There are 2 protein chains.
Amino acid sequence: MTEKSARGRPRQYDAKAALGAALMEFRRRGYTGTSLDHLSEATNMARPSLYAAFGDKHAIYLKATAQHAEDSIERLNRALIDEPSLAKALDGYFSALVAIYSEGGDRPLGCPVLSVITGEAVADPVIGAELFAALGRTDARFRDRIAAARDDNQLPHATNIDAVAEMLAALQHSLAQRARAGTARPELGRIARNSVALILKAAGAARD
Amino acid sequence: MTEKSARGRPRQYDAKAALGAALMEFRRRGYTGTSLDHLSEATNMARPSLYAAFGDKHAIYLKATAQHAEDSIERLNRALIDEPSLAKALDGYFSALVAIYSEGGDRPLGCPVLSVITGEAVADPVIGAELFAALGRTDARFRDRIAAARDDNQLPHATNIDAVAEMLAALQHSLAQRARAGTARPELGRIARNSVALILKAAGAARD
DNA sequence: TGAATTTATTGCGAAACGGTACAAAAATGA
DNA sequence: TCATTTTTGTACCGTTTCGCAATAAATTCA
């Protein structure tokens, strides 16, 4: 992907930076509301260069979110897994999540996936599949973490893993929704902490 | 609004039906993805008639959701308030909510508000304000119901009303998100029941 | 019957849309 | 120096978009 081409005119753009700028446009304007002209201006790439580099609008969005997942989400997930205490792991995870959802200066931009493509998910099959897959990844992540906590005796053996994981996913979905509606970061953080505490209580978590 | 005009050519459209058809278009295509041509075809009204009857795209959407709130949400909310048992009230509420979110035949259409305008909420101030207001109404509804249950001794007096209401709102946001991603009605119903049970357990609800 | 009023229909025009063709520019290799 | 290769920039195509102007149709009142 990043092979340095020996010949030909050297490209003037940085693919990574361009995808980052493109994702910011999508987050600000929504998927349909973002035109190739917007992306062209934001990335400082002419429309044909954009097309040659990444493909059409679908491909640009998918590559932009894939890079974001590599850069931000991966680190966030590792924090969830690496921290042995379930309570601390969840607090750390949601704290970092709120930071991402609150990006955008004065106006929180919400989730790069949920807050951007939900409106298109029914009419656009490609987008619908991406949204479905993203939800599945989040569910799996929480299920794995809850199962590990149960195996570590931080939760009762009778814990309904699916139910607890679904509540954690619901919290994530809700934070994305609230951020997109303009709820500021401190309030999002407060909601996240309160909700994590309530969910752990419901799950019968041991004190730590 | 519905005064029968004594003179002039009688209108051929039914405003109520037209707004219902318009809302279906918005739910299927998303706000930005729905053009006035789409609305014109769906309502069997020429574009100029649409414009004269309801105004521009913002006004059409706002009027369509306002009518939907009167028709469906109002009844749903009354069920939440009128049922004395908190557990039964919540099960009834979310069961009806899942039914609405699952409309659309094979493909669930999700929430007429959350699933339709989230993508536009940052770039479009009118839409942003509407989304913010809709979230606030949902929060207030749950807070009122939880407070009533606490006053009725179905919840401990020390209940954190905000925290419980926020979890219920999170469940609603999550159901909208999952429906929009294609999760079918039985699965949505299962998630709703499991989550309500878990939230009531966390809140320390009395058995009924 | 004919004037007045209200709605419906047709169609226009300027702008924006996604996508692409084509030539100019900037590098390497011979 | 000159051919080759790759990216950039300009310009364009066909379609869709919104909004409105102008005209036709359908009704009531005199």
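Computed over heavy atoms, backbone and side chain alike; hydrogens, waters and symmetry mates excluded. None of the values given here were measured: they were computed from a predicted structure.
Relative to the ring axis of A:Tyr31, A:Lys57 places its NZ or CZ within 45° and under 6.0 Å from the centre.
When side chains are defined from C-beta on, A:Asn160 does not count as touching B:Leu198, because their heavy atoms never get closer than 4.5 Å. Counting only heavy atoms from C-beta outward, the side chains of A:Leu114 and A:Gln177 never approach each other to under 4.5 Å. When side chains are defined from C-beta on, B:Leu39 does not count as touching B:Arg47, because their heavy atoms never get closer than 4.5 Å.
Listed nucleotides: C:dG18, C:dC17, C:dA8. Nearest to the side chain of A:Arg47: C:dG18. Which of C:dG11, C:dT20, C:dT7 sits closest to the side chain of B:Pro48 comes down to C:dG11. Listed candidates were D:dG9, C:dT10, D:dT6. Nearest to the side chain of A:Gln12 is D:dG9. Which of D:dT7, C:dG18, D:dC18 sits closest to the side chain of A:Ser35 comes down to C:dG18. The nucleotide whose nearest atom lies closest to any side-chain atom of B:Arg7 is, among C:dG19, C:dA4, D:dG9, C:dA4. Minimum atom distance to the side chain of A:Leu36 is reached by C:dG18, of the listed D:dA26, C:dA27, C:dG18.
Proximity of residues 14-32 of chain A to DNA chain D (heavy atom under 4.0 angstrom from any strand atom) is not detected for any residue.
Rounded to whole angstrom, the span from the NE2 atom of B:His58 across to the P atom of D:dG19 amounts to 10 Å. The separation between B:Leu50 atom CG and D:dC18 atom P is 11 Å, rounded to whole Å.
OP1 or OP2 of D:dT8 has at least one side-chain nitrogen or oxygen of A:Ser49 nearer than 4.0 Å. For B:Tyr51, a side-chain nitrogen or oxygen approaches OP1 or OP2 of D:dC20 to under 4.0 Å. Note on A:Arg11: a side-chain N or O is less than 4.0 Å away from OP1 or OP2 of D:dT7.
In summary, of the residues considered (B:Leu80, B:Ile81, B:Val196, B:Val98), a side chain to side chain contact (heavy atoms under 4.5 Å, CB included) with B:Tyr93 occurs for B:Leu80 alone.
The salt bridge (charged side-chain N to carboxylate O under 4.0 Å, His left out) pairs that include a residue from residues 77-86 of chain B are B:Glu74-B:Arg78, where partners are two or more places apart or lie in different chains.
Donor-acceptor pairing under 3.5 Å is lacking for the side chains of A:Tyr101 and A:Arg178.
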